[in-house]
Amino acid sequence: MRKALFPGSFDPITLGHYDIIKRGVTLFDEIIVAIGINADKKYMFSLEERKAFIEKTFADEPKVKVVTYEGLTVHFCQEIGVEFILRGLRNPADFEFEKAIAHTNRELASIETVFLLTAAKTSYISSSIVRDVIRNNGDYTKLVPDTVRIK
């Protein structure tokens, strides 16, 4: 069974993330969306909210699982028996950043990173942009799945 880990903070999940996951399920038997826990980072949404957003978004997709983890991503991959990391690339800066991480991961463990280019229509979206739109009372609903709603 080919499993891929799609790690991130997902604060919140965006339409860009959604696109990568939907396309990833055509390539892998299972996509494990892994929400990394970083105690030093200040999140807009709680871990429970972020997990619920993703679970609701993919409630009808049995090939998508949502988990949380701490520590190095490659160690978590080894712990759960995953050989692939799935990452989305929006631009050349993403590529340079992700390439360094992929080389490091391959050095630390025999984990391959698979890159998918984001769709042109979502390539400008990032969680930080979404958070900024939310903070400034903009219409964030055009940037996230329908399941992401602020109370």
Are [Y] and [X] co-members of a hydrophobic cluster defined by side-chain heavy atoms under 4.5 Å apart?
| X | Y | value |
| --- | --- | --- |
| Y124 | V133 | yes |
| I21 | L27 | yes |
| V25 | I80 | no |
| L116 | I85 | no |
| V66 | V144 | yes |

Minimum heavy-atom separation for [X] and [Y], please, with both atom names.
| X | Y | result |
| --- | --- | --- |
| C77 | L5 | SG-CD2, 3.6 Å |
| L86 | G24 | CD2-CA, 4.1 Å |
| L15 | P145 | CD2-N, 3.6 Å |
| P12 | S127 | O-OG, 2.8 Å |

I'd like to know whether [atom1] of [X] has more than 12 heavy-atom contacts from other residues, nucleotides or ligands below 6.0 angstrom.
| X | atom1 | answer |
| --- | --- | --- |
| D60 | CG | no |
| E61 | CD | yes |
| K56 | NZ | no |
| R135 | CZ | yes |

Regarding T118 and S123, do their side chains bring together a donor and an acceptor under 3.5 Å, going by distance alone?
no
Looking at [X] and [Y], would you say the former's side chain and the latter's main chain have a donor-acceptor pair under 3.5 Å?
| X | Y | result |
| --- | --- | --- |
| D132 | S128 | no |
| N136 | G138 | no |
| D19 | A119 | yes |
| R106 | E112 | no |
| N105 | V74 | no |
| K3 | E30 | no |
| T14 | I125 | no |
| R87 | T113 | no |

Original post:
Do T57 and D146 come close enough that some side-chain heavy atom pair is under 4.5 Å?
Top reply: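 No, side chains not in contact.
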Rounded to the nearest 0.5 Å, what separation is found between the [atom1] atom of [X] and the [atom2] atom of [Y]?
| X | Y | atom1 | atom2 | value |
| --- | --- | --- | --- | --- |
| R90 | I20 | CZ | CD1 | 10.5 Å |
| N38 | K41 | CG | NZ | 7.0 Å |
| L108 | Q78 | CG | CD | 8.5 Å |
| R149 | E49 | CZ | CD | 14.0 Å |
| L72 | T104 | CG | OG1 | 10.0 Å |
| L143 | S126 | CG | OG | 9.0 Å |

message = Apply side chain to side chain contact (heavy atoms under 4.5 Å, CB included) to residues I13 and R50 and explain how you reach the verdict.
response = CA-CA 7 Å; I13 184 173; R50 290 179 281 146; over 6 Å; no
For T68, the side chain to side chain contact (heavy atoms under 4.5 Å, CB included) test, sequence neighbours excluded, returns I35, I37, L47, K51
Discussion item. Taking side chain to side chain contact (heavy atoms under 4.5 Å, CB included) as the definition, give me every residue that meets it alongside D139, ordered by chain and number, with sequence neighbours left out.
Written reply: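 Partners of D139 under the side chain to side chain contact (heavy atoms under 4.5 Å, CB included) test: T141, K142.
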request  = Could you work out the complete set of other residues in the hydrophobic cluster of L89, with links drawn between I, L, V, M, F, W and Y side chains under 4.5 Å apart?
outcome  =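 Members other than L89 - counting any ILVMFWY side chain reachable under 4.5 Å - are F95, F115, L117.
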| field | For F97, the rest of its hydrophobic cluster, which grows through side-chain links under 4.5 angstrom | value |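 Taking Ile, Leu, Val, Met, Phe, Trp and Tyr as members, F97 shares its hydrophobic cluster with I101.
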*Sorted by first residue and then second, give each ring-ring contact (aromatic ring centres under 6.0 Å, His included) pair with at least one member in residues 9-57; sequence neighbours left out.*
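Listed once each, the pairs are F6-F10, F10-H17, Y18-F58, F28-F84, F45-F53.
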Sequence-distant partners of K99, salt bridge (Lys or Arg N to Asp or Glu O under 4.0 Å), two or more places apart
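K99 satisfies salt bridge (Lys or Arg N to Asp or Glu O under 4.0 Å) with E96 only.
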